[in-house]
Amino acid sequence: MPRARTSYTSNWQTAASTQGSGCLSGFIIPPLAVLLVGLLLVFFVKGLNTPVQAESLPSLSTVEERPAAIPSTSLSPIFTPEIHYWADSITRWAAASNLDPNLAAVVMQIESCGDPRATSRAGAMGLFQVMPFHFMAGENPYQPDTNALRGLGYLKRSLDTANGNARLALAGYNGGIGVISRGEWTWAAETARYVKYGFPIYQDASRGVTNSSALDEWYNRYGAGLCRQAAQRLGLP
């Protein structure tokens, strides 16, 4: 489901080291010369064994530190606070659809960051960014239970079509179930990007780690504004 996104670039610079040179001239008595050469070797070897302190890399001014989540017993702690706001509901919705709650959380994270009123330019709506044609007449697409029923129902169909392959299920959720049986080179750029971030986030959530570099990268490239909007909507700090 398309959504306005931003990206950032950064320039990396490496400090170059410099070294000096010198010479020794003149006539020196051989024993004294041996002594001087020995001392020079001692200092040279000592210099090689002294650890060099690396310069700290320049900070990226466009990188935002995402807020820490309050741990929940049902979801991985890697998700943002806006997703943990819905933790109990996600667990209930996932159980009703026979899905891993962490997989459902990945979809909500990328689709809306927990904003129940999120709307994409393509017309996708709500927590799971469900397209209008998935709803029955009279249903409110922005009502969380209804949105989850239709969104996670589609995710379950996608997962079943992919024979339990979560990576392909995410591709199917974003690009349509038909993409699952097609070669990845035919996927739209948005679908490839969705899987690039979504599947590693899901792997991190499944492994029980407390931080996810994939989620951090997604947040800084695409999710910061989305999550700020969600936090404001939910009344979170």
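Excluded from the calculations below are hydrogen atoms, water molecules and symmetry mates; all remaining heavy atoms, backbone and side chain alike, are included.
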Arg228 CZ to Thr80 OG1 distance, which is reported to the nearest 0.5 Å: 12.5 Å
Pair Arg167 + Glu184, salt bridge at N-O below 4.0 Å: yes
Atom CD of Gln232: over 12 foreign heavy atoms under 6.0 Å: no
Glu82 versus Cys227, closest heavy-atom pair with distance: OE2-O, 3.5 Å
Asp204/Arg207 salt bridge by N-O under 4.0 Å criterion: yes
pair Tyr202-Asp100: side-chain heavy atoms closer than 4.5 Å: yes
Pair Asn140-Thr146, side-chain donor/acceptor within less than 3.5 Å: no
Result of checking Met125, Glu111, Gln129 against Ser120 for side-chain contact (heavy atoms from CB on, under 4.5 Å): Gln129
Over all atoms of both residues, closest heavy-atom pair of Val209 and Ser76: O-OG, 4.0 Å
Backbone N/O of Arg182 and side chain of Thr186: donor-acceptor pair under 3.5 Å: no
Heavy-atom side-chain contact between Leu155 and Ser97 under 4.5 Å: no
More than 12 heavy atoms from other groups under 6.0 Å of CZ on Arg233: yes
Non-hydrogen atoms of Ile90 and Pro101 that approach each other most closely: CG2-O, 3.5 Å
Spatial distance of atom CG (Asp145) from atom OG (Ser89) [nearest 0.5 Å]: 7.0 Å
Heavy-atom check, side chain of Ile78 versus side chain of Asn211, under 4.5 Å: no
Any side-chain heavy-atom pair of Leu75 and Ile83 under 4.5 Å: yes
Rounded distance [0.5 Å steps], OG in Ser112 versus CG in Asn147: 8.0 Å
Closest contact, heavy atoms only, Trp86 versus Gly114: NE1-O, 2.9 Å
Closest non-hydrogen atom pair, Ala169 against Ser158: O-OG, 2.8 Å
Note, Val106 side chain near Gln109 side chain (heavy atom, < 4.5 Å): no
Separation of Leu103 CG from Leu159 CG (nearest 0.5 Å): 6.5 Å
Residue pair Tyr222 / Arg193, side-chain heavy-atom distance below 4.5 Å: yes
Same apolar cluster (I L V M F W Y, side chains within < 4.5 Å links), Leu149/Met108: no
Asp160 and Lys156 ion-paired at < 4.0 Å: yes
Cation over ring face, Arg150 and Phe135, 6.0 Å, 45°: no
Distance, nearest 0.5 Å, that separates CD1 of Ile201 from CD of Glu217: 9.5 Å
Closest approach of Tyr194 to Ile110 (non-hydrogen atoms, all atoms of both residues): CE1-CG2, 3.6 Å
Ring centroid separation Phe128 to Tyr173 under 6.0 Å: no
Check: Leu127 and Tyr142 side chains under 4.5 Å, non-hydrogen atoms: no
Rounded distance (nearest 0.5 Å) linking atom OH of Tyr219 with atom SG of Cys113: 7.0 Å
